[in-house]
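Everything on this sheet refers to the single structure shown next.
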Amino acid sequence: MVKPTDPCRVGLSGLGLAAGSMEKTHFLHFICGVLALLSFHVVKADDPYKFFTWTVTYGTIAPLGVPQQVILINGQFPGPRLDCVTNDNIVLNLINKLDEPFLLTWNGIKQRKNSWQDGVLGTNCPIPPNKNFTYNFQPKDQIGSYTYFPSTAIHRAAGGFGAINVYSRPLIPIPYPNPAGDFTLLIGDWYKTSHKALRQSLDSGKALPFPDGILINGQTHSSFSGDEGKTYKFRISNMGLLMTFNFRIQGHKIKAVEVEGSHVLQNSYDSIDVHVGQSLAVLVTLDQAPKDYYIVASTRFTEQVLTATATLHYSNSMAPVSGPVPVEPSLPFDWSMQQARTFRWNLTANAARPNPQGSFHYGKITPSETIVLANSAPLINGKARFSVNRVSYINPDTPLKLADYFNIPGVFSLNSIQSTPTEGPSYVATSVLSVSLHEFNEVIFQNDENSMQSWHLDGYDFWVVGFGSGKWSPASRKTYNLVDALTRHTTQVYPNSWTAIFISLDNQGMWNMRSAMWARQYLGQQFYLRVWNPIQSLANEYNIPSNALLCGKAARGS
């Protein structure tokens, strides 16, 4: 074996340099100094691997005052916050101590070339009771505020969720001064009913009832403290099953700075609507009289308004929180849509890498294909279901990714869902839409129902280029934002309206496109996008992990 040459050990002659040369001696000393400095930095560099062991159990707590069974991770509700830095390698051993199979999905983490780690039933076998699975993934070239939650059954209604905060590398500046503190707020509707009872209700054809309350970090009352005159970051995520909420802080402006990994123009707001599955970060400056103030989250677009409050506590507070709780905006859908249009990409800010976010000129690319997805709520076999382009998705016993990898027939068929709506009754099927790697596609979410919708795509973020009322048509493209639309992984679609997105399909794999409203997802409002290149290459996609769980036909070898 040939060992690398160390010039500091072999000397000048060993490098083929003539002895007696003062200049070359100085040059050698310079090289040795550089190598010593580099070796010092390598030794001192942060470990790029972060290891976790999480155990999932049941526990009994009373978040709304009534004892109920919840899902804990390492005894915590919500689960542990997963803090990491761009491009860290996460090795997370998940031990399932529940009485049912279980999976976690990493909401907004792109899983570059690695849908094997996505943690949904189309890509992974669920972890059986008293078994474990080790996830191994990387937030490749990502920053920002994300979440994780159970993707199996209705487990999400019982907990098992938490925050993922991906921080910038130290040498990559953020477009605002470092805040004095960083707070995470997981907010969402909550039921006193157990997840098993909710699942039975959905299986019988009944809709989810109205929620019993709103929780902030699993509580009805919590407090966040800071010093007068300083600025703090609040990372806000909607972890609920059903409801949009409006977020506001009594007497304070909130400045949006990041939305699901995108730095945005730093507009200030009195309040912000956050839809199911969405995350964002705001800055709040403690510039008011030193006392305590309400932090408020309340449901939107509902006749009965549910409200949760927390406390913003000044460290030199002279008085407890007082006065009326700030009310939500009086104008519902129109106001919210207008606000959504004000969220814009900060084109001069760095992302996870030094290049500006706006260096990819999405608005100058002609889409390869236009896909129109219409959601509906049909009765199928006498039971309420939800569908996309007439197809209500059902999970096979074999994950689609395993069936694709092992060429197992009979699990799914390509193009089992149409790329545009068609007339006719809805039906159940395992729907997979095939697209080609490196296409650039336009997708329209058409909502002809009277309720809010929230759509999510695993493995990607996408440009939200337009919102509009009524039916989308090619003429609607005239209203698109082709300059500074932000990228995100979950977008809202207003009642009887449409939302348009652009996607650069650069991540091969089997990816779940779904309603973020979990009852709708559970009853069929989802499908899988198979992003494919027939030439197999590790440059496009990683091989199956050595620890992959096998189930269904993949386990039976047929």
Exercise for the section: Could you tell me whether the side chain of Glu369 and the main chain of Asn441 form a donor-acceptor pair under 3.5 Å? Expected result: no

Practice task
Report the C-alpha separation of Ser515 and Phe386 in whole Å, then their side-chain angles, then the decisive distance to 0.1 Å, and conclude whether the side-chain contact (heavy atoms from CB on, under 4.5 Å) test is met.
Solution key: CA-CA 10 Å; Ser515 173; Phe386 298 101; over 6 Å; no

Problem - Closest contact, heavy atoms only, Met452 versus Pro495 - result: SD-CD, 3.6 Å

Handout entry: Pair Lys233 + Glu258: basic N to acidic O under 4.0 Å
Key = no

Exercise for the section: Please confirm whether Trp54 and Tyr148 have ring centers closer than 6.0 angstrom. Expected result: yes

Practice task
Taking the six-membered ring for Trp and the full ring for Phe, Tyr or His, determine whether the centres of Phe245 and Phe247 are under 6.0 Å apart.
Solution key: no

Practice task
Classify the side-chain pair Gln111/Asp458 by whether it contains a donor and acceptor separated by less than 3.5 Å.
Solution key: no

Problem - Polar contact flag, side-chain donor to acceptor under 3.5 angstrom, Gln418-Arg390 - result: no

Practice task
Would you give the length of the straight line joining atom OG1 of Thr147 to atom CG of Asn238, rounded to the nearest 0.5 angstrom?
Solution key: 9.5 Å

Handout entry: Side-chain donor/acceptor of Gln446 to backbone N/O of Trp472, under 3.5 Å
Key = yes

Fill in the blank from the handout: For Leu198 and Ala157, the nearest pair of non-hydrogen atoms, with its separation, is CD1-CB, 3.8 Å

Practice task
For the residue pair Phe445 and Gln453, establish whether any side-chain heavy-atom pair is separated by less than 4.5 Å.
Solution key: no

Practice task
Could you grab the distance from atom CD1 of Ile444 to atom OG of Ser473, nearest 0.5 Å is fine?
Solution key: 9.5 Å

Practice task
Answer yes if the ring centres of Trp345 and Phe360 are under 6.0 angstrom apart, and no otherwise.
Solution key: no

Practice task
For the residue pair Ser262 and Asp461, confirm or rule out a side-chain donor-acceptor distance under 3.5 Å.
Solution key: no

Exercise for the section: Using modelled atom types only, decide if a donor and an acceptor are shared between the side chain of Asn96 and the backbone of Pro128 within a distance under 3.5 Å. Expected result: yes

Problem - Heavy-atom donor-acceptor pair, Asn507 side chain to Gly459 backbone, under 3.5 Å - result: yes

Practice task
Would you tell me whether Asn533 and Gln508 have side-chain atoms, one donor and one acceptor, within less than 3.5 Å of each other?
Solution key: no

Exercise for the section: Count the heavy atoms belonging to other residues, nucleotides or ligands that lie under 6.0 Å from CZ of Arg353, then report whether that count exceeds 12. Expected result: no

Exercise for the section: Could you walk me through whether Asp203 and Tyr522 pass side-chain hydrogen bond (donor to acceptor under 3.5 Å, both in side chains), step by step? Expected result: CA-CA 9 Å; Asp203 289 342; Tyr522 178 75; 2.8 Å; yes

Problem - Gap between atom OH of Tyr542 and atom CD1 of Ile544 - 0.5 Å precision - result: 16.0 Å

Problem - More than 12 heavy atoms from other groups under 6.0 Å of CG on Asn130 - result: yes

Exercise for the section: Check whether any side-chain heavy atom of Leu82 sits under 4.5 Å from a side-chain heavy atom of Leu92, and report yes or no. Expected result: yes

Practice task
Might you work through the side-chain contact (heavy atoms from CB on, under 4.5 Å) test for Gln525 and Val388, ending with a clear yes or no?
Solution key: CA-CA 6 Å; Gln525 191 174 320; Val388 186; 3.8 Å; yes

Handout entry: Gap between atom OG of Ser436 and atom CG of Leu505 - 0.5 Å precision
Key = 9.0 Å

Practice task
Kindly indicate whether the side chain of Pro101, heavy atoms from C-beta on, has any atom under 4.5 Å from the side chain of Thr152.
Solution key: no

Handout entry: Side-chain donor/acceptor of Ser416 to backbone N/O of Thr430, under 3.5 Å
Key = yes

Handout entry: Backbone of Leu523 reached by a side-chain donor or acceptor of Ser392 within 3.5 Å
Key = yes

Problem - NZ or CZ of Arg81 within 45° of Tyr167 ring axis and under 6.0 Å - result: no

Practice task
Look only at the side chain of Asn93 and the backbone of Thr53, and say whether a donor-acceptor pair between them is shorter than 3.5 Å.
Solution key: no

Problem - Ring-ring centroid check Phe137 Trp106, cutoff 6.0 Å - result: yes

Practice task
Output, in order, the C-alpha distance, side-chain angles, deciding distance and verdict of side-chain contact (heavy atoms from CB on, under 4.5 Å) for Asp404 and Phe412.
Solution key: CA-CA 9 Å; Asp404 210 15; Phe412 71 92; 4.0 Å; yes

Handout entry: Nearest atoms (heavy-atom pairs only) where Asn136 meets Asn114
Key = O-ND2, 3.5 Å

Handout entry: Pair listing, salt bridge (charged side-chain N to carboxylate O under 4.0 Å, His left out) test, anchored in residues 373-385, at least two apart
Key = none

Practice task
Please confirm whether Phe77 and Trp190 have ring centers closer than 6.0 angstrom.
Solution key: yes

Handout entry: Point-to-point distance, once rounded to the nearest 0.5 Å, from CG of Asn447 to OG of Ser376
Key = 10.0 Å

Practice task
Would you please say whether a donor-acceptor pair under 3.5 Å links the side chains of His456 and Gln521?
Solution key: no

Completion exercise
Cys551 and Leu402 have their tightest heavy-atom pair at N-CD1, 4.4 Å

Handout entry: Verdict with reasoning, Thr55 to Asn74, per side-chain contact (heavy atoms from CB on, under 4.5 Å)
Key = CA-CA 5 Å; Thr55 301; Asn74 287 359; 3.9 Å; yes

Practice task
Could you tell me whether the side chain of Gln357 and the main chain of Thr487 form a donor-acceptor pair under 3.5 Å?
Solution key: no

Exercise for the section: Verify, without hydrogens or angle tests, whether Asn87 (side chain) and Asp141 (backbone) share a donor-acceptor contact under 3.5 angstrom. Expected result: yes

Handout entry: Side-chain donor-acceptor pair present, Glu442, Thr370, cut-off under 3.5 Å
Key = yes

Problem - Atom of Ala163, atom of Thr184 and distance for their closest heavy-atom approach - result: CB-CG2, 3.5 Å

Practice task
Using a 4.5 Å cut-off on heavy atoms from C-beta on, say whether the side chain of Phe406 contacts that of Thr398.
Solution key: no

Completion exercise
ring-ring contact (aromatic ring centres under 6.0 Å, His included) test vs Trp463 passes for just one of Phe343, Tyr362, Phe502, namely Tyr362

Exercise for the section: Kindly indicate whether the side chain of Asn124, heavy atoms from C-beta on, has any atom under 4.5 Å from the side chain of Leu549. Expected result: no

Handout entry: Within-4.5 Å side-chain heavy-atom neighbours: Gln492 and Phe467
Key = yes

Problem - Side-chain heavy-atom pair Val120, Tyr528 within 4.5 angstrom cut-off - result: yes

Problem - Tyr146 side chain to Ile143 backbone, donor-acceptor under 3.5 Å - result: yes

Exercise for the section: Answer yes if the side chains of Arg514 and Ser151 hold a donor-acceptor pair under 3.5 Å, and no otherwise. Expected result: no

Exercise for the section: Might you point out which heavy atoms bring Thr123 and Lys401 nearest each other, and give the distance in Å? Expected result: CA-CB, 3.7 Å

Problem - CG-OG distance between Asn107 and Ser145, expressed to the nearest 0.5 angstrom - result: 12.0 Å

Exercise for the section: Determine whether Val391 and Phe527 make a side-chain contact, defined as any pair of heavy atoms from C-beta on separated by less than 4.5 Å. Expected result: no

